[in-house]
Number of protein chains: 2
Amino acid sequence: MKNENRKTEIINTASKLFKEKGYSAVTMRDLAKEMGIKAASLYNHITSKQEILSVLIISLAEEFTEGMTVIINSNNNCVEKLKQIINLHITITSNNQFGMASLNNDWMHLEATLSYYLELRKNYEDNFREIIKKGISNNEIINENAEVIVFSILSTLRSLYIWLPIKEELNIFKLTKNLNNILLNGISK
Amino acid sequence: MKNENRKTEIINTASKLFKEKGYSAVTMRDLAKEMGIKAASLYNHITSKQEILSVLIISLAEEFTEGMTVIINSNNNCVEKLKQIINLHITITSNNQFGMASLNNDWMHLEATLSYYLELRKNYEDNFREIIKKGISNNEIINENAEVIVFSILSTLRSLYIWLPIKEELNIFKLTKNLNNILLNGISK
DNA sequence: ACACGTAACTAACACTTGTTAGTTAATATA
DNA sequence: TATATTAACTAACAAGTGTTAGTTACGTGT
C-alpha cells in the first residue's frame, strides 16, 4: 500500500464515474472494472469508498479556501476581488472537471469529514458575502440584497463544471473576460 | 391501487428524501418508513422506484416546456421574454422545492423516459438560446457569446431550489425584481 | 349479510453492496 | 541468492437492495 500514484489514479477514475452517476450509484465493482482490476484489489490502495469521496471533496474545498484567503488579504477593491473569485473558480474547475461534480452534489455523503466540509463552505460563503457588502457600502456595487447577489454569482460559478467541458472552443482567457463582463455589468443594453 | 392521493403523497415524500440524499441513496425502506408503512405496501400505489423518479422529473420538465411555449409565442421583446423566463423558474421552483433537486441531479437515473427528458431539455435550451441571439441582433442585449449568457443565467435559475427555501423573509415578488435587475443589469455601478 | 376493492401486513426471493481473508506472482532490496 | 514488499487475484461474508406472493383487516355499496 505504498504507490501513491496508483491511489491518485483510482481517485481520478472514481471522480469521473461520480460525475456521471453520483457517488451512491457507483459501486466498487464499477470502479474496479474501469481500472481494469478486481474490486478487492482496490483495497490495496485505499481504505474505503468513503475515503475516496473525502479526499476528493476536502482537497478541493481546501483549495477554494486557500484561494479565498489570498483574495481577502489583497489590497484590491471589491470589484477587483470579485474578478479574482471568478478567476479562482474557472481555474480550479478547469483543472478538476470531474471532482467539482462531487463537491457540488455528493458532499452530503461525507461522513467523518462532513462537518469540516460544512465549516469550510460556510467560511467561504461568509467571506464572499462580506466582499459584496463592502462593495455596496463603498458604492462600487449596486444596493441590492447582498444575499441574492452572492447566490446568483455563486450559482453560476458552481455550475461551471457542467458546462466548461462542452465549450472547448472558447479558451479560458476569453471565458474569464466574458464572465466578468456578464456577471458584473449584466447583459442588457 | 386506486387512490391517486396516496400515490401523490408517496411521490412528494420521495421528492423530499431525494433532495436530501439523491435518488440512488434513498431506499424503498427509507421511503416507507417516512410514510409510516412497510416497503412492500408502497407497491399498492406505485409500480416501481423508477416510476416515482420518472413522474417527478417528467412532469416538471413538461411544466417548463409549456411555460417556454407561451413565452416564445408572446409578442414581447427579448428582454421582456427573459423576465418571463426568470419568473417561470421562480414560480415552478417555489411550488416544487424538492422535485427541482431531482430534475437537476437525478435525471441521469431515468431509464425508459431518459431520452424524452433529454429532448425536452434540449428544446428548452435551444429556445432560450434563440431568444438571446435575437436580443443580440436586435441590439437589446450586449454582443457577448450567447452560449456564455445562456449558461450564466440558466445556472442561476437552476440553482434556485437550493437557495429559495432559505430566504423566506424575501418574498417572491421582491426576489423576482432583484433577480431581474441583477441578471439583466449586472451588479457593478 | 354479502361480496368487493383497498391498503396495509409478513415472509421471502434473487441479487448487489462494501469489505475482509488468504494466496500468489512479480519486483525491489539486502 | 534470499527476503520483503507490492499489487494483483479468488472466495466469501453479512447486510442491504428492489420487488413479488400471499394474507388480513376494514369500509362501501348491494
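Hydrogens, waters and symmetry mates play no part in the numbers below; they use all other heavy atoms, side chains included. A quick note: this is a predicted structure, and the numbers were derived from the prediction, not measured. Here is the naming used below: chain letters follow the sequence lines, and residue numbers restart at 1 for every chain.
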Spacing of [X] atom [atom1] relative to [N] atom [atom2], expressed in whole Å:
{"X": "A/K7", "N": "D/dA7", "atom1": "NZ", "atom2": "C1'", "value": "15 Å"}
{"X": "B/K38", "N": "D/dG16", "atom1": "NZ", "atom2": "P", "value": "15 Å"}
{"X": "B/I37", "N": "C/dC9", "atom1": "CD1", "atom2": "C1'", "value": "10 Å"}
{"X": "A/L42", "N": "D/dA8", "atom1": "CG", "atom2": "C1'", "value": "11 Å"}

Report yes if at least one side-chain N or O of [X] is closer than 4.0 Å to OP1 or OP2 of [N]; otherwise report no.
{"X": "A/S41", "N": "D/dA7", "answer": "no"}
{"X": "A/H45", "N": "D/dT6", "answer": "no"}
{"X": "A/R6", "N": "D/dT6", "answer": "no"}

Sequence neighbours left out, cut at 3.5 Å: what donor-acceptor pairs do the side chains of residues 77-85 of chain B make with other protein atoms?
unit_1	atom_1	unit_2	atom_2	d
B/N77	OD1	B/V79	N	3.4
B/N77	OD1	B/E80	N	2.8
B/Q84	OE1	B/N76	ND2	2.8

Using side chain to side chain donor-acceptor pair (under 3.5 Å) as the criterion, list what pairs up with A/K33, not counting sequence neighbours.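 In terms of side chain to side chain donor-acceptor pair (under 3.5 Å), with neighbours along the sequence ignored, A/K33 is linked to no residue.
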Side chain to side chain donor-acceptor pair (under 3.5 Å) partners for B/E144, two or more places apart: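 Residues passing side chain to side chain donor-acceptor pair (under 3.5 Å) with B/E144: A/N181.
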Quick check on contacts: within residues 8-22 of chain B, what sits under 4.0 Å from DNA chain C by heavy-atom distance?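 Per residue number, the list is empty: none.
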Do the side-chain N and O atoms of A/T113 and A/S54 include a donor-acceptor pair separated by under 3.5 angstrom?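 Per modelled atom types, A/T113 and A/S54 side chains form a pair under 3.5 Å.
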Distance-only criterion, 3.5 Å: show the donor-acceptor pairs between side-chain atoms of residues 128-135 of chain B and protein atoms not counting sequence neighbours.
unit_1	atom_1	unit_2	atom_2	d
B/R129	NE	B/E147	OE1	3.0
B/R129	NE	B/E147	OE2	3.3
B/R129	NH1	B/D126	OD1	2.9
B/R129	NH2	B/E147	OE2	3.4

Tell me, please, which residues at least two apart from B/Y161 pass ring-ring contact (aromatic ring centres under 6.0 Å, His included).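 B/Y161: no ring-ring contact (aromatic ring centres under 6.0 Å, His included) contacts found.
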Who passes ring-ring contact (aromatic ring centres under 6.0 Å, His included) against A/Y124, sequence neighbours left out?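 Listed in chain order: A/F64, A/H89.
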Pairing residues for B/I172 by the side-chain contact (heavy atoms from CB on, under 4.5 Å) criterion, not counting sequence neighbours: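 By the side-chain contact (heavy atoms from CB on, under 4.5 Å) rule, B/I172 matches B/I90, B/S94, B/L164, B/T176.
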Give the B/S/- string for nucleotides 14-25 of chain C, one per nucleotide from 5' to 3', where a protein heavy atom under 4.0 Å of the base yields B, of only the sugar-phosphate yields S, and otherwise -. ---BBBBB----
